[in-house]
Structures are given as C-alpha cells and as structure tokens.
Amino acid sequence: MLALAINLLFVAVAVAALLTLVDTALKARRAYDGLMREKALMDAGFVMQVAPREVRLRAADRRAGVAMLPRRTALLRPQPVLARGAA
C-alpha cells in the first residue's frame, strides 16, 4: 500500500512537471512568433515605434536637508563626560 502511494505521488509530480513544461513551451512559441512577426515587418521597411516614457528627476527638497543638518551635527558633536563617582 505504501509503495502504491509513493508511485502515485511520483506520477502526480511527473504530471505537474509535464504540464509546466508544456505551458512554458506554448508561451515561448507565442513569444517567438511575435518576434518573427516584428522581424518580418522590420525587413519590409517598417520601423517599430515604442511609446515614449517621460522621466523627470525631482530636485531634492532643500528644506529637509537644512532641517536635517543641525540634528546630525548635534549627534556628531562630542558630549561632556561625567567624572567618576558623579551621578
């Protein structure tokens, strides 16, 4: 009975692996066909146009940098050390 369960487990794993491979092969074939279609268009003289992406760099907030500066320098400034025995 245990051997049968182990064999069924192996069969289930093999079927899942086979279905995954078939799905991947179908997706790869679809992508390859799309690339070949684009290649045919480019060979015919058409140029593929990509939609332009607008990227803007935002200037750093100067107020946040100024507010951060005093706190940072306060942390880096040496602190007074208490004498031994003084609490």
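- If you take CG on Leu41 and CZ on Arg37, they are separated by 8.5 Å, rounding to the nearest 0.5 Å.
- Note on Leu9: it does not cluster hydrophobically with Met1, by side-chain heavy-atom contacts below 4.5 Å among ILVMFWY residues.
- Note that CG of Asp33 and CD of Glu38 are 11.5 Å apart. Values are rounded to the nearest 0.5 Å.
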Original post:
For Leu19 and Asp23, what are the C-alpha separation, side-chain angles and deciding distance, and is it a side-chain contact (heavy atoms from CB on, under 4.5 Å)?
Top reply: CA-CA 6 Å; Leu19 289 175; Asp23 180 54; over 6 Å; no
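- Cluster membership check: Val15 does not share its hydrophobic cluster with Val13, using side-chain heavy-atom separations under 4.5 Å among Ile, Leu, Val, Met, Phe, Trp and Tyr.
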